[in-house]
Amino acid sequence: MKIDLKKLREMHPELPGDVAVAMLVCAALALQRNGHATGAGVSLQLERDVSQGSLSWTHADMATIELHDHNRITEDGAEAVTLAVMHRHLEWRVVRRMQREEYAYWLLERTAERCRETAALEVSGVDRGSIASRLTQKLAQVAKSIDVDQKWAGVVGFERPIAAIESKKRGKHAK
């Protein structure tokens, strides 16, 4: 499965352009600072299904990395990857950014069998190391969201590219 981050705005037309650009730059910086080039392989863990894919993006100027906050690169980059995977695999689209007291980053929607569904999506990134404990934390956080049909958490690891996305209704976690 190919994930083209350059198409993030096409996937999520309600995502403000400046927000999308910032997330895409951060995704590129997070991947490149870990030694990856566009076309890098990515492990995709969507619920119980594990597959391999590739990530493509527009090259970022690494000379500017010191102008960015290290953690924002990781978190915003993870948002770009997670939103792309949520759309590519599950056809979710951004409605709006959720507020802190809503326990998730994004409100998403999709139409399934002529019915509109909504989902809360919490996202996090890990620059180096395992994503398993972070996914557990984010699932617990998004479980507190209300007034949505589904609750999802996504965690992206950049050292060895991995995107794990899981709904709260499931119990299996990423490694």
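Checked by atom type and distance alone, the side chain of K151 pairs as donor or acceptor with a backbone atom of A143 at under 3.5 Å.
Here H89 pairs with nothing under the ring-ring contact (aromatic ring centres under 6.0 Å, His included) rule; sequence neighbours left out. Residues forming a side chain to side chain donor-acceptor pair (under 3.5 Å) with S51 (at least two apart in sequence, or on another chain): none. Residues forming a side-chain contact (heavy atoms from CB on, under 4.5 Å) with S43 (at least two apart in sequence, or on another chain): Q45, V50, Q52, I162. In this view, H36 satisfies the ring-ring contact (aromatic ring centres under 6.0 Å, His included) rule with no residue, not counting sequence neighbours.
L44 CG to I165 CD1: the interatomic distance, rounded to the nearest 0.5 Å, is 8.0 Å. Of the inter-residue distances, the one linking L83 atom CG with I3 atom CD1 reads 11.5 Å to the nearest 0.5 angstrom. Atom CG of L29 and atom CG of L24 lie 11.0 Å apart (nearest 0.5 Å). With rounding to the nearest 0.5 angstrom, the OG atom of S54 is 9.0 Å from the CG atom of D4. In this structure, CE in M11 is found 9.5 Å from CZ in R93, a value given to the nearest 0.5 Å. The CE atom of M1 sits 9.5 Å away from the CG atom of L46 when rounded to the nearest 0.5 Å.
Hydrophobic clustering places L8 together with L31 (ILVMFWY residues linked when any side-chain heavy atoms are closer than 4.5 Å, directly or through intermediates). V42 and V123 fall within the same hydrophobic cluster, defined by Ile, Leu, Val, Met, Phe, Trp and Tyr side-chain heavy atoms under 4.5 Å apart, directly or through other members.
Heavy atoms only, all atoms of each residue included: D149 and T118 are closest at OD2-N, 2.8 Å. Of all heavy-atom pairs spanning I73 and A30, the tightest one is CG2-N, 3.5 Å. When all heavy atoms of C26 and G77 are compared, the closest pair comes out as CB-N, 3.6 Å. In terms of heavy-atom proximity, A80 sits nearest to L5 at O-CD2, 3.9 Å. What you find for G39 and W57 is that their closest heavy atoms are N-CZ3, 4.3 Å. A60 and A28 make their closest contact through CB-CB, 3.6 Å (heavy atoms, listed as atom of the first residue, atom of the second, distance).
Judged by distance alone, the side chains of T111 and E117 never bring a donor and an acceptor atom under 3.5 Å apart.
Inter-residue side-chain proximity for M23 and L15 is flagged as met; some heavy-atom pair is nearer than 4.5 Å. S56 places none of its side-chain heavy atoms less than 4.5 Å from the side chain of K2. In this structure the side chain of T38 never reaches within 4.5 angstrom of the side chain of L55, judged on heavy atoms.
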Distance-only donor-acceptor hits, side chain of residues 152-161, under 3.5 Å, sequence neighbours excluded:
{"residue": "W152", "atom": "NE1", "partner": "Q150", "partner atom": "OE1", "Å": "2.9"}
{"residue": "E159", "atom": "OE1", "partner": "G129", "partner atom": "N", "Å": "2.9"}

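Listed by first and then second residue, the ring-ring contact (aromatic ring centres under 6.0 Å, His included) pairs that reach into residues 8-32 are H12-H87, sequence neighbours excluded. Sequence neighbours left out, the pairs with a member in residues 94-104 that pass side-chain hydrogen bond (donor to acceptor under 3.5 Å, both in side chains) are E79-R97, R96-E102. For residues 13-37, the set of pairs meeting the salt bridge (Lys or Arg N to Asp or Glu O under 4.0 Å) definition, not counting sequence neighbours, comprises R33-D127. Sorted by first and then second residue, the salt bridge (Lys or Arg N to Asp or Glu O under 4.0 Å) pairs with a member in residues 133-148 read E75-R134, E122-K138; sequence neighbours excluded. The ring-ring contact (aromatic ring centres under 6.0 Å, His included) pairs that include a residue from residues 110-138 number zero, where partners must be two or more places apart or lie in different chains. Residue pairs meeting the salt bridge (Lys or Arg N to Asp or Glu O under 4.0 Å) criterion with at least one member in residues 51-72, sequence neighbours excluded: R72-D76.
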Derivation of the side-chain contact (heavy atoms from CB on, under 4.5 Å) call for I65 and Q32: CA-CA 10 Å; I65 197 164; Q32 290 171 211; over 6 Å; no

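Between E109 and R116, at least one side-chain nitrogen of the basic residue sits less than 4.0 Å from a carboxylate oxygen of the acidic one, meeting the salt-bridge criterion.
Other residues, nucleotides and ligands contribute only 12 or fewer heavy atoms inside 6.0 Å of the NZ atom of K7.
Membership of the apolar cluster around V148 extends to V95, M98, L107, as traced through chained side-chain contacts below 4.5 Å between ILVMFWY residues.
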